Amino acid sequence: MYATVVKRLLFLTGNAGKLAEASHFFEPLGYQVEQFLIDGEVPIVGEPQSDSLKDVAIAKIEQAKALFNQTGQDAAIFVEDAGLFIDELSGFPGVNSASVLNQIGLSGILNLMSETINRGAEFRAQAVLFTGDELVFGEGVCRGSITSETLGESGFGYDPIFSPEGEDSGRTFGQMNKTEKEAFSHRGKALESIKKQLDLLGR
Ligand code: ITT
C-alpha cells in the first residue's frame, strides 16, 4: 500500500472567505491548504496601482516567492486577485472591490444602483499558483446581476447582492453553499483552469 502524498499549498491572503473556498476546492485533490503566514502574521505585500487583476496577481506572487524562499520550506504558493465589475457603473468597484466594500458597504452599492434598470455585473478572478518550478495562471469570469436587496448570509464580500447567470431561481451566492457557489463562480473557474494545467504537467 502506498502512503498518500499530501501537497502543501500556502495561500497568501488576508481574506478568510477566499481561503475557505480555495481549501474547499484543493483539499479533495490532495492538497493541504494553509494561509501563508510569517511569525503568525499575513505578510504585507505591495499591490501596484493597476486596472489589471493579472498585474496585481503577478506582483503578489513574486513577493510571495521572495518571502517564501527565506523560509526554506517545501510547498506550492498561491495568490488570487478578484473583484466585482458592475456594467452600469463602468466596472466599479473593480480592482478596488475590497476597499470600496469597507468604505460604503453593500448598502452603499445598492443605493448607487437604486434607480438602475441595467443590473448586469460580473465577478472576475485571476489566480496564480507557483509549483516550485513554474507559474500556472487561471482566470475566471462569472456573469450575473445585482439584486435589489441583500439575500442570504453565506459566503463573503458581495455574495449577498450577486445572483449568477444560470441560477434559475435567482438565488444569490449568499444563499448557496460552497459547492453550489463553486459551480458558478469566477473562483471555481479560475481554480478549475489551474487544476487542468496541473494535470497536464503531471503535478
Ligand atoms: P487578499 O488580497 O489579501 O487576498 P482581498 O480581500 O484584498 O484579499 P482582493 O484584492 O482579491 O482580495 O479583493 C477582492 C474583493 O472583491 C474582496 O475583498 C471581496 O470584497 C470581493 N470579492 C472577490 N471575490 C468575491 C466572491 O467570490 N464573493 C464576494 N465578494 C468577492
Side-chain angles (χ1 to χ4, degrees), residues 9-26 33-38 41-64 67 77-86 89 91-110 121-130 137-147 150-165 167 171-192:
L9 189 154
L10 302 182
F11 186 178
L12 177 59
T13 182
N15 184 316
K18 285 164 60 169
L19 181 67
E21 290 183 12
S23 301
H24 181 263
F25 181 89
F26 280 117
V33 178
E34 297 167 34
Q35 193 172 25
F36 182 4
L37 301 173
I38 294 184
E41 304 279 340
V42 179
I44 295 170
V45 292
E47 291 193 11
Q49 280 297 317
S50 168
D51 285 343
S52 156
L53 293 176
K54 190 166 186 178
D55 286 351
V56 177
I58 289 172
K60 279 196 213 169
I61 198 83
E62 291 303 338
Q63 293 173 80
L67 289 165
I77 315 172
F78 181 73
V79 302
E80 186 223 274
D81 217 57
L84 176 68
F85 297 74
I86 299 176
L89 304 180
F92 179 86
V95 291
N96 300 311
S97 292
S99 57
V100 167
L101 187 61
N102 273 337
Q103 285 159 20
I104 67 172
L106 296 179
S107 58
I109 298 286
L110 293 181
E122 65 190 35
F123 270 120
R124 298 180 200 155
Q126 173 71 61
V128 192
L129 185 144
F130 180 60
F137 292 87
E139 290 169 24
V141 176
C142 175
R143 288 289 309 166
S145 57
I146 304 297
T147 50
T150 58
L151 294 169
E153 287 166 8
S154 300
F156 67 97
Y158 298 90
D159 283 344
I161 61 166
F162 183 86
S163 177
E165 258 175 22
E167 212 299 306
R171 286 184 308 160
T172 65
F173 278 159
Q175 293 172 297
M176 297 183 189
N177 63 33
K178 287 190 183 58
T179 303
E180 291 169 323
K181 177 179 171 184
E182 191 177 280
F184 291 104
S185 84
H186 50 311
R187 184 161 300 102
K189 289 172 183 155
L191 297 179
E192 196 57 48

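Remember, it's 1-based here, ligands and their atoms both numbered in the order they're listed. Just so it is clear, the model here is predicted, and its values are computed rather than measured. Below, each value reflects all heavy atoms present in this structure, side chains not excepted, and no hydrogens, waters or symmetry copies.
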Exercise. Within the distance-only criterion (no hydrogens, no angle test), does the side chain of E62 pair as donor or acceptor with the backbone N or O of A59 below 3.5 angstrom?
Worked result: no
For this session: Would you mind telling me if ligand 1 is within reach of the side chain of T13, the backbone, both or neither, using heavy atoms under 4.0 Å?
Result: both
Problem set entry | Heavy-atom side-chain contact between L53 and V95 under 4.5 Å | yes
Seminar exercise, completed: Closest to atom 10 (O) of ligand 1 among protein heavy atoms sits D81 OD1, 3.4 Å
Problem set entry | Sub-4.0 Å atoms of ligand 1 with respect to non-hydrogen atoms of N15 | 6 (O), 8 (O), 17 (C), 18 (O)
Problem set entry | Numbered atoms of ligand 1 (with element) below 4.0 Å of H186, judged on heavy atoms | 24 (N), 25 (C), 26 (C), 27 (O)
Problem set entry | Which residue and heavy atom of the protein sit nearest atom 3 (O) of ligand 1, plus the separation | G14 N, 2.8 Å
Exercise. Which is closest to atom 14 (C) of ligand 1 by heavy-atom distance: G174, A98, A82?
Worked result: A82
Seminar exercise, completed: Exactly one candidate in E182, R187, K178 meets side chain to side chain donor-acceptor pair (under 3.5 Å) with H24; the answer is E182
Exercise. Which of the atoms of ligand 1 are close to S97, meaning less than 4.0 Å from one of its heavy atoms?
Worked result: 15 (C), 16 (O)
For this session: Around atom 24 (N) of ligand 1, find the nearest protein heavy atom and jot down its residue, atom name and distance.
Result: R187 NH2, 3.0 Å
Problem set entry | L101 neighbourhood, listing ligand 1 atoms whose heavy-atom distance to it stays under 4.0 Å | 20 (O)
For this session: Just let me know how F123 lines up against ligand 1, side chain, backbone, both or neither, with a heavy-atom cut-off below 4.0 Å.
Result: side chain
Seminar exercise, completed: Heavy-atom nearest pair, A127 first then A190, reads CB-CB, 4.2 Å
For this session: Measure the distances from the heavy atoms of F156 to every atom of ligand 1 and state whether one is below 4.0 angstrom.
Result: yes
Problem set entry | Any side-chain heavy-atom pair of L67 and V45 under 4.5 Å | yes
For this session: For D159 and ligand 1, answer yes if some heavy atom of the residue is under 4.0 Å from a ligand atom, otherwise no.
Result: yes
For this session: Find all atoms of ligand 1 within a distance of less than 4.0 Å from any non-hydrogen atom belonging to E47, and give their numbers and elements.
Result: 2 (O)
For this session: Quick one: do E139 and R124 satisfy salt bridge (charged side-chain N to carboxylate O under 4.0 Å, His left out)? Show the steps, please.
Result: CA-CA 7 Å; E139 290 169 24; R124 298 180 200 155; over 6 Å; no
Problem set entry | Nearest-neighbour protein heavy atom for atom 9 (P) of ligand 1, which is reported as residue plus atom name and distance | K18 NZ, 3.5 Å
Exercise. Just which atoms of ligand 1 are under 4.0 Å from any heavy atom in K181?
Worked result: 26 (C), 27 (O), 28 (N)
Exercise. Starting from atom 30 (N) of ligand 1, which protein heavy atom do you reach first, and at what distance in Å?
Worked result: Y158 N, 3.1 Å
Exercise. With F78, which of F137, F26, F25, F130 fulfils ring pair (Phe, Tyr, Trp, His ring centres under 6.0 Å)?
Worked result: F26
For this session: Check whether any side-chain heavy atom of F173 lies under 4.5 Å from a side-chain heavy atom of E167, and answer yes or no.
Result: no
Problem set entry | M176 vs P164 side-chain heavy atoms within contact, under 4.5 Å | yes
Seminar exercise, completed: With L129 as partner, the option from L191, L9, I77 fulfilling side-chain contact (heavy atoms from CB on, under 4.5 Å) is L9
Seminar exercise, completed: Numbered in order shown, the ligand 1 atoms found under 4.0 Å of a heavy atom of K60 are 1 (P), 2 (O), 4 (O)
Exercise. Rounded to the nearest 0.5 Å, how far does CD1 of I58 lie from CG of D81?
Worked result: 11.0 Å
